[in-house]
Protein chains: 2
Amino acid sequence: MPKDGSTNRARILDAAEQLVIDHGYAATSVDRVLEAAGTSKGAFFHHFDSKLALARALTERYVAADLDQLNAGLDATADVADPAERVIAFLRYYEDRGDEIMGAQSNCLYVAVLTERQLLDAGTADLVRGAVQAWRAEIARLLSAAADGRATDLGDVEDLADHVFTTFEGAFLLCRATGSPQHMRAQLGVLRRLVGAALGVDDRDAARST
Amino acid sequence: MPKDGSTNRARILDAAEQLVIDHGYAATSVDRVLEAAGTSKGAFFHHFDSKLALARALTERYVAADLDQLNAGLDATADVADPAERVIAFLRYYEDRGDEIMGAQSNCLYVAVLTERQLLDAGTADLVRGAVQAWRAEIARLLSAAADGRATDLGDVEDLADHVFTTFEGAFLLCRATGSPQHMRAQLGVLRRLVGAALGVDDRDAARST
DNA sequence: GCTGAAACAGACTGGACAGTCTGTTTGTAA
DNA sequence: TTACAAACAGACTGTCCAGTCTGTTTCAGC
């Protein structure tokens, strides 16, 4: 086997991810990606069949990292015994990392991908849909456990679960519109407070993840 | 004065709005806009100095319509006496129109505008920021009145007010990701329920706007 | 050290695109 | 009815861009 190309491929993906998140997919030319990655056209089309294939690879990698984040939140709060407090601890996990999230990226790749019709048609949206369903399923599980035996009427549990994704994406856009990255943390905090009120969990009692 | 060009200009804006919302700004060529609008290059560059100027005009018009929606919600619920119930009626106003909103457009122009760095740099984001601040200010007013004299701790009222914008934009993306427009109504419903729980407003008691 | 295939490098191409330019039409006012 | 300016129409241009193609380098296995 010749020279290991995986590092170069990763460099291309890294550069492309930043550019696409910040500028959008259509506004990001392959040449600019190559310039940022410090590589050549030959290398690019060796690793990716087309620019669309890059978008797909980019999204696949991003979805995987996103699901890692989901599991990280689940793992970090696995020891919280009370199901309702578990939900709040789970939400607080991301709230605590809100600034960190916005420090690492100025927007969500999902926003860029979902904006462009050509990417939707190319099936890239299916990958995002998978991530949405994963978050929905796991959070709905947490919520069902929390609602069990309580008088609180949460409405459709899956819709409530989807509100976490909704809050993430909406907050990304709010940050972009205002230019203030602290809105991510603030909006995740709003979500935690609202769900806490709906579940009847007192703020001060709620377990905090380590 | 010669032929009135305002109708042609509006046709260009209409066509461009649909295309930009669905495909994104960079992925929408002027030629495709002209084709959809049934007009010519000469007409386009007579009405707009550049493609960037089109984006600005598009956003200005969209912001104006957005603020009309804000005022419509305020007006429709102006007769609700109890401030807390007013908030819920206000949210329910948009929830009731969720399907209608997604029927008219497959996404929000704000998403497309905020995705592209070149538009942010061109000051287009400032227009969106103005809309965000208008929603925030009006809803914060409603929330402050509702919180006044109640024991409920809503946290930062402006952050909670921003959660309405967050929910709208997040729901647009959720609809796009899943391909299901009914999520808009569902997410607005989740928001209403959560805020209702936080304010201690019983669902069945809450006034419904006509 | 020779071979073969993977990993690159970079010149090149055909098309698409934003914007220009030269006209032509339209309506109004004198 | 002519003069004039706004409102168009559409051919044209230079640039950028995705993708191609022809090489050259790298390295494992023999």
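The chains referred to below are lettered A, B, ... by the order of the sequence lines, with proteins before strands, and numbering in each begins at 1.
For the OP1/OP2 pair of C:dA7 and a distance below 4.0 Å, the side-chain nitrogens and oxygens of A:N8 include no atom meeting the criterion. Put simply, B:H47 has a side-chain N or O that comes within less than 4.0 Å of OP1 or OP2 on D:dC8.
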At a cut-off of 3.5 Å, list every protein nitrogen or oxygen paired with a nitrogen or oxygen from nucleotides 19-22 of chain C, distance to 0.1 Å.
unit_1, atom_1, unit_2, atom_2, d
C:dG19, OP2, B:K51, N, 2.8
C:dG19, N7, B:K41, NZ, 3.3
C:dG19, O6, B:K41, NZ, 2.9

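Put simply, CD1 on A:I12 is 12 Å from P on C:dA7, counting in whole angstrom units. At whole-Å resolution of the value, CZ in A:R11 and C1' in C:dA9 are 14 Å apart. The distance from atom CD of A:Q118 to atom C1' of C:dA16 is 13 Å, rounded to the nearest whole Å.
Residue pairs that meet the salt bridge (Lys or Arg N to Asp or Glu O under 4.0 Å) test with at least one member in residues 119-140 of chain B, sequence neighbours left out, are B:R117-B:D121, B:D126-B:R129, B:R136-B:D162, B:E138-B:R141. Among residues at least two apart or in separate chains, salt bridge (Lys or Arg N to Asp or Glu O under 4.0 Å) pairs with a member in residues 41-55 of chain B are B:D31-B:K41.
Nearest nucleotide to the A:H46 side chain, out of D:dC17, C:dA7, D:dA9: C:dA7.
Shortest non-hydrogen contact noted between B:V128 and A:A177 is CG1-CB, 4.0 Å.
Ring planes of A:W135 and A:Y94: tilted class, angle from 30 to 60°.
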Under the salt bridge (Lys or Arg N to Asp or Glu O under 4.0 Å) rule, what do A:R61 and A:D14 come out as? Steps first, then yes or no, please.
-> CA-CA 10 Å; A:R61 201 179 67 152; A:D14 289 341; 2.9 Å; yes

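Both the sub-6.0 Å distance and the 45° axial angle are not jointly satisfied by B:R86 relative to the ring of B:F90.
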